[in-house]
Undergrad: 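One structure follows; several queries about it will come next.
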Amino acid sequence: MSTAVSFRLILGFLLLNVVQIAESTPTRAQPLTVKISKEDSTVSEPTTFKSTLIIAQQSRTRRIRFARGASSALVEDAVVRGTRDIYRLGAKAGQKMTVSITSVENNAVFDIISPKQKLLKQEATSWTTQLPATGDYSIVVGGTRGNATYKLRVEIK
């Protein structure tokens with residue numbers, strides 16, 4: 001994430017704290033930056049928002065979809081202290097999933113939750129396994145201390 005974007009995020013959080021009482025209509029957070037291995041792969045923005053005054057402290061859920069023939073995606077974003085970014089990804093039993101995360105201050109980790117809501121991996125920075133079930137897996141990204149700017153790479157083969 002560039003210095004200008006980081007500065008805008010910090011400035012946005014400061015401004016949000018100043019105007020949160022005067023502003024009663026929720027607004028969207030900074031746009032998501034996505035780099036993907038194939039042109040048609042996508043990371044979907046949330047479709048619904050919980051009505052609240054402090055949007056910057058709300059967790060977000062998005063879906064990762066690979067383009068036909070693509071097997072990986074790279075998501076670049078930031079998570080605010082105390083919140084989580086949740087990515088949903090459909091996969092089949094027997095496929096191999098590899099997830100890794102890097103962060104500017106080495107303070108971002110992820111959890112993996114199976115389609116049956118079983119915790120498969122907790123507070124990891126890299127993980128590879130053969131998937132036990134077919135369905136939507138959740139990758140939950142959070143910071144270990146403070147805000148975390150991260151790059152999340154997901155691959156399924």
Side-chain angles (χ1 to χ4, degrees), residues 1-13 28-50 54-157:
M1 185 177 289
S2 71
T3 305
V5 174
S6 296
F7 177 74
R8 285 191 312 188
L9 280 171
I10 293 169
L11 182 60
F13 295 135
R28 287 188 176 263
Q30 288 288 336
L32 172 69
T33 301
V34 180
K35 292 183 181 177
I36 300 198
S37 61
K38 296 261 184 166
E39 293 177 18
D40 296 328
S41 297
T42 60
V43 175
S44 303
E45 285 295 322
T47 56
T48 59
F49 284 94
K50 181 178 176 185
I54 306 175
I55 297 298
Q57 294 181 357
Q58 181 179 358
S59 295
R60 301 176 290 185
T61 301
R62 291 169 281 186
R63 178 166 291 281
I64 297 175
R65 291 184 178 97
F66 296 126
R68 187 172 301 222
S71 62
S72 67
L74 178 67
V75 179
E76 296 183 34
D77 209 342
V79 65
V80 177
R81 179 183 61 191
T83 65
R84 301 289 179 262
D85 285 347
I86 303 166
Y87 297 95
R88 296 249 160 75
L89 180 64
K92 295 180 181 176
Q95 287 184 306
K96 179 181 171 183
M97 178 188 271
T98 301
V99 181
S100 62
I101 194 166
T102 57
S103 55
V104 174
E105 296 179 9
N106 294 321
N107 63 338
V109 294
F110 62 85
D111 298 341
I112 303 288
I113 301 170
S114 76
K116 296 180 180 181
Q117 302 305 307
K118 179 181 176 190
L119 182 64
L120 299 178
K121 189 67 178 175
Q122 188 171 16
E123 294 188 6
T125 56
S126 64
W127 182 71
T128 299
T129 195
Q130 187 172 354
L131 298 175
T134 297
D136 280 347
Y137 286 80
S138 296
I139 303 168
V140 183
V141 176
T144 58
R145 62 187 187 286
N147 301 341
T149 300
Y150 63 87
K151 293 181 184 180
L152 176 71
R153 185 172 188 282
V154 181
E155 181 178 33
I156 296 182
K157 290 188 175 186

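These numbers come from a predicted model, not from an experiment.
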Undergrad: Taking all atoms of both residues into account, what is the closest heavy-atom pair of I156 and G90, and its distance?
TA: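 What the structure gives for the nearest pair is CD1-O, 4.1 Å.
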
Undergrad: Do any pairs count as a salt bridge (Lys or Arg N to Asp or Glu O under 4.0 Å) and have a residue in residues 84-107, sequence neighbours left out, and if so which ones?
TA: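 Qualifying pairs, neighbours excluded: R60-D85, R62-D85.
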
Undergrad: Distance check, rounded to the nearest 0.5 Å: D77 atom CG versus S103 atom OG?
TA: 13.0 Å

Undergrad: Drop me the distance from L89's CG to I112's CD1, to the nearest 0.5 angstrom.
TA: 9.0 Å

Undergrad: Under the rule for side chain to side chain contact (heavy atoms under 4.5 Å, CB included), what residues qualify as partners of Q117, not counting sequence neighbours?
TA: I113

Undergrad: Just jot down the side chain to side chain contact (heavy atoms under 4.5 Å, CB included) partners of A124, sequence neighbours excluded, or say none.
TA: F110, K121

Undergrad: Salt bridge (Lys or Arg N to Asp or Glu O under 4.0 Å) with R153: which residues, sequence neighbours excluded?
TA: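 With sequence neighbours excluded, R153 shows a salt bridge (Lys or Arg N to Asp or Glu O under 4.0 Å) to E155, given in chain and number order.
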
Undergrad: Would you say that R63 contacts D136 through its side chain, given a criterion of any heavy-atom pair below 4.5 Å between the two side chains?
TA: yes

Undergrad: Rounded to the nearest 0.5 Å, what separates atom OG in S72 from atom NZ in K157?
TA: 8.0 Å

Undergrad: If you look only at pairs with a residue in residues 106-116, which of them pass as a salt bridge (Lys or Arg N to Asp or Glu O under 4.0 Å), with sequence neighbours excluded?
TA: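 Salt bridge (Lys or Arg N to Asp or Glu O under 4.0 Å) check on residues 106-116 returns no pairs.
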
Undergrad: Can you measure from OH (Y137) to CG (L131) and round to the nearest 0.5 angstrom?
TA: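 So the OH of Y137 and the CG of L131 are separated by 4.0 Å.
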
Undergrad: Tell me, do Y87 and S138 make a side-chain contact under 4.5 Å, heavy atoms counted?
TA: no

Undergrad: Which atom pair, heavy atoms only, marks the closest approach of T134 to A93?
TA: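 Shortest heavy-atom contact: OG1-N, 2.9 Å.
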
Undergrad: Taking it one step at a time, do V75 and I64 satisfy side chain to side chain contact (heavy atoms under 4.5 Å, CB included)?
TA: CA-CA 9 Å; V75 179; I64 297 175; 4.2 Å; yes

Undergrad: Only one of L152, T125, T128 clears side-chain contact (heavy atoms from CB on, under 4.5 Å) with V99; which?
TA: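 Only match with V99 under side-chain contact (heavy atoms from CB on, under 4.5 Å): L152.
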
Undergrad: For A148, enumerate each residue passing the side chain to side chain contact (heavy atoms under 4.5 Å, CB included) test, keeping only those at least two apart in sequence or located in another chain.
TA: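 In terms of side chain to side chain contact (heavy atoms under 4.5 Å, CB included), with neighbours along the sequence ignored, A148 is linked to V79, N107, A108.
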
